[in-house]
Amino acid sequence: MSSKYQSFKYIKTNYSYISVYDNQKWDEGKLQTSDKISIPISSTALHYGQTCFEGMKAYRTKEGRIQLFRPEDNARRFQESCERLVMPTIPVDVFVEAVKKTVLANESFVPDYGKNQSLYIRPFMIGVGDNVGVKPSPSYMFIIFVTPVGTYFDGPAKPVDMLVSTYDRAAPEGTGAAKVGGNYGASLLPKEHAKHLGFADCIFLDPKTHTKIEEAGTSNFFGITKDNTYITPTSPSILNSITNRSLKYIAKNMLNLQVEEKDIYIDQLDAIIEAGACGTAAVITPIASITFNHNKHIFPYHQEMGPTIKKLHDILTKIQVGDLPDPNHWITYIK
Ligand SMILES: *Cc1c(COP(=O)(O)O)cnc(C)c1O
């Protein structure tokens with residue numbers, strides 16, 4: 001496809017994949033041309049948030065091949081999200097095969113190499129059985145749809161201003177580590193609030209003490225310190241980002257940086273010279289400043305993407321489209 005796709009606008013493609021769970025088992029799964037489903041109005045997904053999802057991409061290489069990036073990691077995380085909501089799981093190989101099948105069926109929608117575009121893949125599961133009480137549904141649908149996407153930015157991303165939210169995105173031992181629908185419904189208001197005040201997105205602090213950075217909107221937060229260390233927080237309520245995991249690997253093994261998972265206190269940001277938010281959708285968004293209690297902390301690299309973040313970004317995106325060799329069994333060919 002040669003058209004220019006916008007960042008995250010839904011475009012209907014030819015096929016979606018759907019599998020149904022009934023009587024304690026999954027059916028074979030099939031491709032369908034419709035992008036509509038019909039479900040009971042009493043479905044648990046609609047009332048009690050029994051719904052979780054994944055976000056991944058298929059990339060076109062220079063040679064025209066189509067490939068996935070770490071799909072087994074998405075499959076495993078999907079299982080964890082399902083388990084957290086008492087939903088049946090999908091075996092890793094079934095998940096990956098279903099993703100491949102859906103991408104292949106929509107091959108003509110995989111954007112050409114060299115345009116910073118890709119095919120976004122959205123697997124998700126919903127509870128769909130008749131059920132009025134608060135209990136797990138007897139039936140489920142596992143669905144995958146795809147849609148071509150561009151990057152959020154033309155050229156290198158410009159650093160953005162972030163506001164520390166007064167809301168929490170998750171509870172200390174809640175569902176923050178799972179990619180479940182409810183987390184995102186709850187994040188809409190804090191994001192709208194930040195945008196209304198002129199910020200690109202919000203930073204969430206840890207819900208227990210409100211002293212440490214937890215997430216950057218719906219992305220993981222990381223920083224590069226003065227002494228060349230890649231730092232990123234861990235907590236039971238952070239969503240374990242595959243992009244962050246990959247950046248840590250690249251930082252350590254390809255850029256010879258130290259990597260530390262540690263608490264990042266909101267009032268101790270001076271050690272950080274480059275800050276970023278990372279995730280599959282935008283890869284890395286550099287952060288120019290963080291405003292907390294009316295105090296604006298501006299990072300040294302606030303006008304352009306900093307040099308280390310730029311290197312991390314370029315290496316990761318080149319691996320994803322096959323311009324650099326696969327360093328660690330990250331790539332799965334589709335075609
Ligand atoms: C999906 C997501 C991320 C990014 O995860 P990736 O695997 O890198 O795409 C980060 N934070 C939250 C809250 C997310 O939902």
Side-chain angles (χ1 to χ4, degrees), residues 7-8 49 51-59 68-82 84-85 92 95-96 99 118-125 146-147 149 151-152 157 162 165 167-172 174-191 194 200-207 212-223 230 232-251 261 264 275-285 287 309 312-313 315-317 319-320 328 330 332:
S7 62
F8 262 74
T51 166
C52 66
F53 65 96
E54 272 303 321
M56 48 204 291
K57 286 173 171 175
Y59 306 87
L68 300 171
F69 183 72
R70 307 186 74 168
E72 298 85 3
D73 291 49
N74 292 96
R76 279 188 283 268
R77 189 171 66 190
F78 193 57
Q79 291 182 325
E80 289 163 14
S81 299
C82 290
R84 182 63 180 81
L85 298 185
V92 169
F95 178 98
V96 174
V99 167
S118 53
L119 189 71
Y120 185 76
I121 305 163
R122 169 54 59 85
F124 66 102
M125 192 185 294
V146 297
T147 196
V149 292
T151 46
Y152 284 103
M162 303 275 238
S165 182
Y167 293 98
D168 293 325
R169 68 172 281 276
T175 55
K179 227 169 163 71
V180 302
N183 292 347
Y184 303 87
S187 74
L188 297 177
L189 181 63
K191 179 162 184 166
D201 208 335
C202 56
I203 298 274
F204 291 106
L205 300 182
D206 72 291
K212 302 174 271 187
I213 293 183
E214 182 132 323
E215 290 249 24
T218 48
S219 305
N220 275 189
F221 178 87
F222 71 97
Y230 180 107
T232 189
T234 51
S235 122
S237 45
I238 289 178
L239 194 285
N240 191 342
S241 154
I242 296 163
T243 312
N244 194 5
R245 249 182 268 169
S246 309
L247 292 174
K248 279 186 263 187
Y249 181 95
I250 293 168
E261 287 167 357
I264 301 177
C278 67
T280 297
V283 191
I284 299 177
T285 305
I287 299 172
I309 287 188
L312 287 165
H313 174 272
I315 292 173
L316 177 60
T317 52
I319 293 168
Q320 287 170 334
N328 198 24
W330 286 349
T332 296

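Both counts, for ligands and for their atoms, begin at 1 and track the order of listing.
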*Compute the shortest N/O to N/O distance between G279 and ligand 1 and return yes if it is under 3.5 Å, no if not.*
no
*Tell me: protein heavy atom nearest atom 9 (O) of ligand 1, and distance?*
T280 OG1, 2.6 Å
*Student check: side-chain heavy atoms of R169 and P190 closer than 4.5 Å*: no
*Are any of the N or O atoms of S241 closer than 3.5 Å to those of ligand 1?*
yes
*Min N/O separation T218 to ligand 1 under 3.5 Å*: yes
*Heavy-atom neighbours of Y167 OH exceed 12 at 6.0 Å*: no
_Quick check: closest heavy atoms across R76 and V92, and the distance to 0.1 Å?_
CG-CG2, 3.8 Å
*Determine whether any heavy atom of R77 lies closer than 4.0 Å to an atom of ligand 1.*
yes
*Give the numbers and elements of all ligand 1 atoms closer than 4.0 Å to a heavy atom of E215.*
10 (C), 11 (N), 12 (C), 13 (C)
*Got E72 and F95 here, is their nearest side-chain heavy-atom distance under 4.5 Å?*
no
*Between the side chain of N244 and the main-chain N/O of F221, is any donor-acceptor distance below 3.5 Å?*
no
_Identified ring pair (Phe, Tyr, Trp, His ring centres under 6.0 Å) counterpart of F53 within the set F124, Y184, F78_ = Y184
*asked:* Under 4.0 Å from a heavy atom of R169: which atoms of ligand 1 are those, numbered in the order shown and with their elements?
replied: 13 (C)
_For atom 14 (C) of ligand 1, what's the nearest protein heavy-atom neighbour? Residue, atom name and distance, please._
K179 NZ, 3.0 Å
_Show me which atoms of ligand 1 lie under 4.0 Å from any heavy atom of N220._
10 (C), 11 (N)
*Give the residue and atom name of whichever protein heavy atom lies nearest to atom 15 (O) of ligand 1, and the separation in Å to one decimal.*
Y184 OH, 2.3 Å
*Is a side-chain donor or acceptor of R77 paired with a backbone partner of N240 at a separation under 3.5 angstrom?*
yes
